[in-house]
Amino acid sequence: MAVNINPAPSCLKADVWEHFGFKKKKESDDLDKSIVVCKLCDTNVKYSGNTTNLRAHLKRHHSNKIMLMEDPKRPRDPKQTTLDIDGGCSHKFPSASPRSQKITESIAYFICQDLRPYSVVENAGFRRMVNAMEPRYPIPTREHLTKVCIPRLYAQTRAHVKASLASAERVALTCDGWTSRTTEAYVTITAHFINKEWELVTHVLQTRDMPESLTGHNLAEHLKTALAEWGITEKDPVIVTDNASNMTIAAEKASFTLHVKCYAHTLNLAAQRALKISAVARLLGRVRRIVNFFRRSTTANHMLKEKQRLLQLPEHKLMTDVVTRWNSAHDMLERFLEQQPAICAALLSSEVRKTEKDLCTLTESDVTTAEEVVSALKPMKEATQYMSKEKTPTLSVVAPLQDTLINGLKAIEGESAVIKEMKAAMAGDLQKRYIDLKATLHACSAMEPRFKSLPFLTENEREEVYDGLIVEAARLSMQPSESLWSVDEEWTANACADDEGMASKEEAVDEGEQFMEEESNQGQRLPPRNPRPSCPLAALLGERYGGARPKTNTQDGEAKEQMTRYKEADLLEVKEDPLVWWKEHQYQYPLLSQLAKRYLCIPGTSVSSERVFSTAGDIITAQRSALLPEHVDQILFLSKNLKTM
């Protein structure tokens, strides 16, 4: 051993210090703690405050010594403590302790819910924060999270989702495919149903990679496997997809009884047809050029802000359109018209004209056309925004919206030729959609207490829809169902008496209504609803869906009798929630309420699947491009479903 090697201070108690020491600094007698010296081979090893480099040196050059230190039979000083790398407490919780497991579960939940990378547990800031909150907690490694914690949380959540699906009477699926930044193809499937509390429940079932081509046949096999895996083959599943031909083929080959095309995608196709009209396309091109100039030039952008303040206009940035989103063209024109005075003033300023002499704003006729285009597209945009909500829009809204939009697209005297051509293009595209699904759309609207009057149909067409629902409700009454109530004749008579008591407020409350109020706590005399502000859907549909009662004929049978009373009941206001109405009236219409659950669970769009793509973009980033498809599926599944646990 070299003479100039000094033993490690007594405060360093790790076993490796038996073979290492320090040199003294040349200018003083202090130890140079940036370098340690191996007593076995006199090699200098960099010291960073921990024993990692020291153990690595022994393992590489003196393996016999490291094996001796790691021998479990070697006696150890009971008073010796372990130096914690993170500077925390040396006495850690056992990893199997309840406290430690609870914190680990919370970290796993945090990673999945907030879409954080597994490596967050190795970040210095995260470790410092956890050690400050609980110094005794041993932070798990990234590998432990990947192989143990996340799969365990996934298995628990999966079991919960599967049990939730088992209680559903009917399940509607949405399906869509997408490609990640690593050019891997994925297919996402979501499930929708109405639970016993009359809440619309949504689950993301899976996001699986599909290395094979996304043909209709391959997608069909993928869907069949998913139906069997989640146990919903016998739930009379419905599927909602976009208008792509491969999705149509997949739904047919997978034997779905009902395949619905996404209404938001249908609106997009109709609007895109209008935007391709030559006069509109030229207008959009001129506006796009001006907008891109202001977004590209710092001088022009600065001058625009000054003119906005001078003219007291909102200091909004100009927007440009995106090819795949038609409503972005509407937004670009609307923002351009809002900022037109500031844009003109900025383009006429000497500072801007130095950089761009040929650029000029729109003419007066162009501005007029832009205003007309924005006005013509506004109902389509509002309908698209409403249909893109998370829960509210189901298939029952499609028929009323379709009728309202087509009627609103009729040409008006005095309109310009461009607007008439736009309206004709959009109306023509909408009219050819859903021809083979009209019966289903009308049935869904009829089971909606807001739209049951079906004012867009003739009297004979309405009666055909009601008669078809009566037959279906009667068939349901003969099928066993866990959630179908066994209603005896006495209860039915009381419910009918309750309904009559509601129609005539002067009559006394009968015994049946008292029984309902005492036993079910769901009396038929409900307090008046608090007034609510008008909603976008109410503004779109107007007054055609309020107040009036559809005509009806008295019919025999339980299903007919319930349908008769249902049609005679007042219409629900458009801004009200139909599921809340059915929850309050489910005992009045036991057969029809089961039918309502089957129809009102069907989404009107496939937006829920597409919304997963945005979440996936936060997961498969440039820094996480090597994430395995299995882990992508687990994180997306947990991110979307943990809140239902």
- Task: Start with the C-alpha distance between T174 and T190, add both sets of side-chain angles, then the distance that settles side-chain hydrogen bond (donor to acceptor under 3.5 Å, both in side chains), and finish with yes or no.
- Result: CA-CA 5 Å; T174 72; T190 68; 2.3 Å; yes

- Item | side chain to side chain contact (heavy atoms under 4.5 Å, CB included) between Y599 and L469, worked out | CA-CA 11 Å; Y599 280 111; L469 290 171; 3.8 Å; yes

- Message: Set out, in order, the CA-CA distance, both residues' side-chain angles and the distance that settles ring-ring contact (aromatic ring centres under 6.0 Å, His included) for F456 and H442, then state yes or no.
- Response: CA-CA 10 Å; F456 46 84; H442 296 163; 5.5 Å; yes

- Message: If you apply the rule side chain to side chain contact (heavy atoms under 4.5 Å, CB included), what do you find for M563 with L592, and how did you get there?
- Response: CA-CA 7 Å; M563 179 61 76; L592 295 188; 3.9 Å; yes

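Ion pairing between R598 and D236 holds under the 4.0 Å rule for side-chain N and carboxylate O. With respect to R208 and E229, a salt bridge is recorded, a charged nitrogen being found less than 4.0 Å from a carboxylate O. Salt bridge absent: E461 and K438 never bring a charged side-chain N and a carboxylate O closer than 4.0 Å. Note on K102 versus E134: no salt bridge recorded, every NZ/NE/NH1/NH2 to OD/OE distance being 4.0 Å or above. Contact check on E105 versus R152 returns no salt bridge, with no Lys/Arg side-chain nitrogen under 4.0 Å from an Asp/Glu carboxylate oxygen.
A cation-pi arrangement is absent between R450 and W581 under the rule of less than 6.0 angstrom and at most 45 degrees off the ring axis. The cationic group of K452 lies under 6.0 Å from the six-membered ring centre of Y566 and within 45° of the ring axis, placing it in a cation-pi geometry.
A side chain to side chain contact (heavy atoms under 4.5 Å, CB included) with C175 is found for one member of D242, V240, V187 and no other, namely V187.
Put simply, the side chain of N641 gets close to the backbone of F637: a donor and an acceptor are under 3.5 Å apart. Remark: side-chain polar atoms of K640 are not paired, donor with acceptor, to backbone N or O of I635 under 3.5 angstrom. Listed for the Q562 side chain is a donor-acceptor partner under 3.5 Å among the backbone atoms of L591. Under the 3.5 Å distance criterion, the side-chain polar atoms of T404 are matched with a main-chain donor or acceptor of P400. Looking at N246, its side chain does come within 3.5 Å of a backbone N or O of L214 through a donor-acceptor pair. In this structure, D114 contributes its side chain and R116 its backbone to no donor-acceptor pair below 3.5 Å. For S100 (side chain) and A96 (main-chain N/O), no donor-acceptor pair under 3.5 Å exists by modelled atom type. K597 places no side-chain N or O within donor-acceptor distance of the main-chain N or O of R170, the cut-off being under 3.5 Å. Remark: the backbone N or O of S593 is not paired with any side-chain donor or acceptor of Q586 at under 3.5 angstrom. Side-chain atoms of S97 come within 3.5 Å of backbone N or O of P94 as a donor-acceptor pair.
Residues Q156 and Y154 have side chains that never bring a donor and an acceptor to within less than 3.5 angstrom of each other. There is no side-chain donor-acceptor pair under 3.5 Å between N195 and S167. A donor and an acceptor atom, one from each side chain of T188 and T207, are located under 3.5 Å apart. Neither side chain, Y589 nor Q594, offers a donor N or O lying under 3.5 Å from an acceptor on the other. Between the side chains of T394 and S396, at least one donor N or O sits under 3.5 Å from an acceptor N or O.
With sequence neighbours excluded, the residues satisfying side-chain contact (heavy atoms from CB on, under 4.5 Å) with T146 are Y118, R142, H631.
Using bins of under 30°, 30° to 60° and over 60° for the plane-to-plane angle, the ring pair H203/F193 lands in the tilted bin. Using bins of under 30°, 30° to 60° and over 60° for the plane-to-plane angle, the ring pair Y434/Y263 lands in the tilted bin. Taking the six-membered ring for Trp and thresholds of 30 and 60 degrees, W198 and W582 have nearly parallel ring planes, at less than 30 degrees apart.
Residue pairs meeting the salt bridge (charged side-chain N to carboxylate O under 4.0 Å, His left out) criterion with at least one partner in residues 244-261, sequence neighbours excluded, are absent.
With a 4.5 Å cut-off on side-chain heavy atoms, L165 and L205 count as touching.
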